[in-house]
Amino acid sequence: MKLDSMYQEVILDHYKHPHGRGLRDGDAEVHHVNPTCGDEITLRVRYDGETIADVSYEGQGCSISQASASVLNELLVGKELGEAQKIQAAFLELMQSKGQLEPDDAMEEVLEDAVAFAGVSKYPARVKCALLSWMAWKDATAKALSEGKTA
Amino acid sequence: MKLDSMYQEVILDHYKHPHGRGLRDGDAEVHHVNPTCGDEITLRVRYDGETIADVSYEGQGCSISQASASVLNELLVGKELGEAQKIQAAFLELMQSKGQLEPDDAMEEVLEDAVAFAGVSKYPARVKCALLSWMAWKDATAKALSEGKTA
Amino acid sequence: MTQLPGLLDTEAIRKDFPLLDRTVHDGKKIVYLDSAATSQKPRQVLDALNEYYERHNANVHRGVYTIAEEATALYEGARDKVAAFINAPSRNEVIFTKNASESLNLVANMLGWADEPYRVDHETEIVTTEMEHHSNIVPWQLLSQRTGAKLKWFGITDDGRLDLSNINEIITEKTKIVSFTLVSNIMGTINPVEQIVRRAQEVGALVCIDASQAAPHMVLDVQALQADFVAFTGHKMVGPTGIGVLWGRQELLEDLPPFLGGGEMIETVSMHSSTYAPAPHKFEAGTPPIAQAVGLGAAVDYLSAIGMENIHRHEQAITAYAVKRLLEVPDLRIIGPATAEDRGATISFTLGDIHPHDVGQVLDEEGIAVRVGHHCARPVCLRYGIPATTRASFYLYSTPAEVDALVDGLNHVRNFFG
Amino acid sequence: MTQLPGLLDTEAIRKDFPLLDRTVHDGKKIVYLDSAATSQKPRQVLDALNEYYERHNANVHRGVYTIAEEATALYEGARDKVAAFINAPSRNEVIFTKNASESLNLVANMLGWADEPYRVDHETEIVTTEMEHHSNIVPWQLLSQRTGAKLKWFGITDDGRLDLSNINEIITEKTKIVSFTLVSNIMGTINPVEQIVRRAQEVGALVCIDASQAAPHMVLDVQALQADFVAFTGHKMVGPTGIGVLWGRQELLEDLPPFLGGGEMIETVSMHSSTYAPAPHKFEAGTPPIAQAVGLGAAVDYLSAIGMENIHRHEQAITAYAVKRLLEVPDLRIIGPATAEDRGATISFTLGDIHPHDVGQVLDEEGIAVRVGHHCARPVCLRYGIPATTRASFYLYSTPAEVDALVDGLNHVRNFFG
Ligand SMILES: Cc1ncc(COP(=O)(O)O)c(C=O)c1O
Ligand SMILES: Cc1ncc(COP(=O)(O)O)c(C=O)c1O
């Protein structure tokens, strides 16, 4: 069943038991909206030098957008900024692959749980759901940087 | 040839030798435009009591609109207003008949030369050309009446 | 097969709609339950489009040659058909636009640029409702921003009806225009036109009715409505995309200024100034959607042949059945009227905590096409404190079996995320 | 048969256009010489429309179900095709409208509501030309009336060219926008874009180019033009009616305010205020002309497969031949450039004292379809002191034999009224 390729066990797990949900102190906050469906997220980042000390978030959305925020939290917190950016780029590439990209071992190593989203990339309407939190994180990070909170 | 039903000899005659063309003194003047094709007419009426003393006009337009103004002048000048209105109504009816109305003797008696326009009624784009001067006359008459120039 | 009184012969009707034969996901026949977003098109409408393009295509109004006269007759003939369909007193009151949104923007802009007594300015008020499609909110917000007029609105009750309890405070002597939807596109609510129109007339305000969700589904009689403007859209009423209608009272159309300028809408043009053609052409700048108007004419013929009363009766039967069956699904909550009274065949609901996106996705896998999200009516979602809804909407080709398929699908959704 | 260098294989091409097989007046094959008003449509475009309606019809952008995703992909795919066709730096710069007239009104209204530095107000000036289609005059007259801005224009020389001798007085530091046509729809003149753009840039004015008569006939490269906005219309370029395009520079589209409000163009809506989607959606309120955009995409594919250079070469050959043959007709006077240089395949003329209406009527009897009147460019007629013109216009399916038929027809007209 094709649907299972989108709703991987890992995704449903993250959806039902989200990591790091809730808003906590941060250096910068952004609010992103997906006008196509109305999904919304408020996201804060906190940096400790170059290290991501926390990504906290709150929002409403479908299983894909919720799970994606949870995976993001799990993957990025504790990482150095440069590494996190690499992960973000890899995730973006995967999501824009229209189902054409078969994640290999190297990719799995970078993306960990996030490779489960490969199936979502076949559904253009849902790609935005998966990317919502990642775009918010990128934006919040840029904001934190420009406000000179890191490094 | 179908075209001959539009371009009757009588019409071409009026086109080449228009009656009463040129602007002369009048009780009221109107300017009408056919936006579809840009035909324009300036028309004046002069009443002598209930009698149409003159219809003078100037304008640019195709053979149909020119001939129609000439026929109008020939038919209406000298008539009583009531009679002229009957003629106008008969002409309007003929032009809106979409070629379905075969002029009978009674109609010929009222419309005289103007029955030659029966063929034009088959050509929707040209009906407006034929009616331009008649609508202008009606309008000018209403204006003259409202200014209390007649009766 | 479920048999309900009042149903149309959907077996025959469905043969007219090629898309309904479509399969998705390895052979699953499509169950199209998104007609409130756009309807499917019958063969008869597609034939009219093809016939127009293959035999009569020419620009309208200015040609003396044969096919230009034919094209003009077809285009203006479509106007006659639409005028008859809505019982307009005059064909000249029917303006072709590109969609209902343009129609509504046209009204807002005419009033913004109008002279007294119509002019909307900073001393006046505009009234709409919380139940509107964004296309009947944003134009008024823009007008309000640009003129300084105050925007006011009716709220919604818990059961999805307009709250008219404060009608005399909302519609006042300052009100210039009251614009509201006849049928809600998200909840299906049919609104009490008469009461609103009566109050508007009392204070001398104009009334604009958004009939986008009414024209496809019930008899629309602009004279009976007593409104000043009525807007609707072709693609929801088995017509093509790219065509909308604004009906307006003749004297208003004469008095009000044009909106878009260009070819076709003028009388004479010089570089220094221009004069405008009489309505409806005054409001139709440029080459109109000719083929689309012809297609809408064919759509109106198609609907009329079946009969709008019959279509309405069919939808009422389906709606009653759907409401009953949906309420059997555990955790399903209908947003809007939860009975079949005074409502159209559009039903929004939530399903426990499962996000509508996920509902829609799983249903799609079964071939069932429903819409999920805000349905361009976000204030309604805000009002009920929900992120979005799942919406099923029915039309003349919908069957009880499709309702059953939806209910089965929803139970499957529950198991999937259970 | 006349053979000219550079001609396309019209025998093959004409097979794609069903209407060209049409006969009128008892079996006379139509000679369609009115492509400047609207072009005929190839089978490929009609197929794309049918395929869309029969297999993929759904409202765009908001559906998670299969056919909604297909419809969205087709609609947005058409945007990609159009962007490539005009060499747009970004697909997001391509806005779908209903026709070129709406595109031009959109520009005028954006500038009227804009903040500085774009805002057109009573201290600023708008520049256009005497050669424009009414759709590029009236929007600016309306803007000028509504804002108090002064409207100025370039005149025309005796041989149908723009008179740019006073360019520095016409375009000044006060000029906010210069809007002009790339190719005249009445005289066929191709205008010197570069000189005008250079002067506009000097004073910091925006440039809007009406490419309605260019896009169908030649390579259109918005980057090479260096304009800020470029407008054109689908129905003249073998596409459907009901679809137009506005291309605009991304940063401008970001900065400028929306025009029509409604569904699709918003980001979030509450009753109190709304925010807007990024361009192009910010300017596409309501359900767009979906099928028509898909049809335009197919049209662009069709034209590109033949090659815009090849089409242009074909038309140049036909035009040169037509100019030569027309000048053989006694009393015929070409209005506009009387040579084949720097002109498109649209030729206006007068024939002695015979009114164009009569010319057109008699030609129609021979199956020849030409347009007569002002061609929505009355200032040009005023300029030359003529009531109207007869206009023959050619396209990729036109043949030298059709030129010959026209010339024979005109001789017949002369005899008829002789
Ligand atoms: C030069 C020019 N500009 C604008 C237009 C307007 O195009 P549309 O009528 O499709 O809006 C036309 C054609 O009618 C034209 O020839
Ligand atoms: C109630 C209502 N009003 C207005 C509209 C806008 O119609 P369109 O998108 O065709 O402009 C819609 C549908 O989208 C609607 O349902």
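Hydrogens, waters and symmetry mates play no part in the numbers below; they use all other heavy atoms, side chains included. By convention in this document, chain letters (A, B, ...) are assigned in the order of the sequence lines, proteins followed by strands, and residues within each chain are numbered from 1.
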Side chain to side chain contact (heavy atoms under 4.5 Å, CB included), paired with C:Y65, selected from D:V24, D:D34, D:V370 | D:D34
Verify, without hydrogens or angle tests, whether D:Q141 (side chain) and C:S270 (backbone) share a donor-acceptor contact under 3.5 angstrom.
-> yes
Residue pair C:S101 / D:G286: nearest heavy atoms and the distance that separates them | OG-CA, 3.1 Å
Would you please classify the geometry between the D:H272 ring and the C:W153 ring as parallel, tilted or perpendicular, with 30° and 60° separating the classes?
-> perpendicular
Between D:F259 and chain C, which part of the residue has a heavy atom less than 4.5 Å away: side chain, backbone, both or neither?
-> both
Please determine, among D:L142, D:N109, D:V45, the option with the most heavy-atom pairs under 4.5 Å with chain C.
-> D:L142
Residue pair C:D364, D:V64: steps toward the side chain to side chain contact (heavy atoms under 4.5 Å, CB included) verdict | CA-CA 8 Å; C:D364 176 54; D:V64 294; 5.6 Å; no
Can you name the salt bridge (charged side-chain N to carboxylate O under 4.0 Å, His left out) partners of D:K98, sequence neighbours left out?
-> C:E102
Give a yes or no on whether the backbone of D:T287 and the side-chain of C:N99 come within a donor-acceptor separation of less than 3.5 Å.
-> yes
Value rounded to 0.5 Å, distance of CD in C:Q145 from OG in D:S273 = 8.0 Å
Closest-packed option against chain D by number of heavy-atom pairs under 4.5 Å, given C:G360, C:A100, C:A285 | C:A285
Lys/Arg-Asp/Glu bridge criterion (N-O < 4.0 Å) met for D:R43, C:E54 = yes
Can you say whether C:E70 sits under 4.5 Å from chain D via the side chain, the backbone, both, or neither, judging by heavy atoms?
-> side chain
Under 4.5 Å to a heavy atom of chain D? For C:T129 that would be backbone
Cut-off 4.5 Å, heavy atoms of chain D, and the answer for C:L260 is both
Please lay out, stage by stage, how D:H56 and C:R22 fare under the test side chain to side chain contact (heavy atoms under 4.5 Å, CB included).
-> CA-CA 9 Å; D:H56 312 291; C:R22 171 79 200 263; 3.6 Å; yes
Based on non-hydrogen pairs under 4.5 Å, which of D:P139, D:G244, D:G373 is most in contact with chain C?
-> D:P139
Donor-acceptor contact present, side-chain D:S135 to main-chain C:G263, <3.5 Å = yes
Residue part contacting chain D, namely of C:W113, when any heavy atom lies under 4.5 Å | side chain
Highest number of heavy-atom pairs under 4.5 Å with chain C among D:V138, D:L49, D:I30 belongs to D:V138
How about C:H235 and D:N59: do any of their side-chain heavy atoms sit closer than 4.5 Å?
-> yes
Any donor and acceptor pair, going by atom type alone, linking the side chain of C:T241 with main-chain N or O of D:A291 inside 3.5 Å?
-> yes
Who wins among C:H25, C:K41, C:M271 for the most heavy-atom pairs under 4.5 Å with chain D?
-> C:M271
For chain C, the option from D:L382, D:I67, D:T97 that forms the most heavy-atom pairs under 4.5 Å = D:I67
Count the heavy-atom pairs under 4.5 Å between each of D:C381, D:S144, D:P379 and chain C, then report the option with the highest count.
-> D:P379
Checking C:I290 against chain D: side chain, backbone, both or neither under 4.5 Å from a heavy atom?
-> both
Which bit of D:S212 is near chain C, if near means a heavy-atom gap under 4.5 Å: side chain, backbone, both or neither?
-> neither
Toward chain D, the part of C:Y32 with a non-hydrogen atom under 4.5 Å = side chain
For chain D, the option from C:H375, C:R146, C:Q40, C:K236 that forms the most heavy-atom pairs under 4.5 Å = C:R146
Against chain C, work out which of D:S35, D:P289, D:P288 has the most heavy-atom pairs shorter than 4.5 Å and name it.
-> D:P289
Whatever's closer than 4.5 Å to a heavy atom in chain D on C:V294 counts as neither
Closest heavy-atom pair, D:S39 versus C:N57, reported as atoms and distance to 0.1 Å, is O-ND2, 3.0 Å
Are any non-hydrogen side-chain atoms of D:Y53 and C:P18 less than 4.5 angstrom apart?
-> no
Would you call C:R378-D:E267 a salt bridge at under 4.0 Å N-O?
-> no
Given the options C:I368, C:T268, C:L143, which has more heavy-atom pairs under 4.5 Å with chain D than any of the others?
-> C:T268
Give, as side chain, backbone, both or neither, the part of D:E132 having an atom under 4.5 angstrom from any heavy atom of chain C.
-> neither
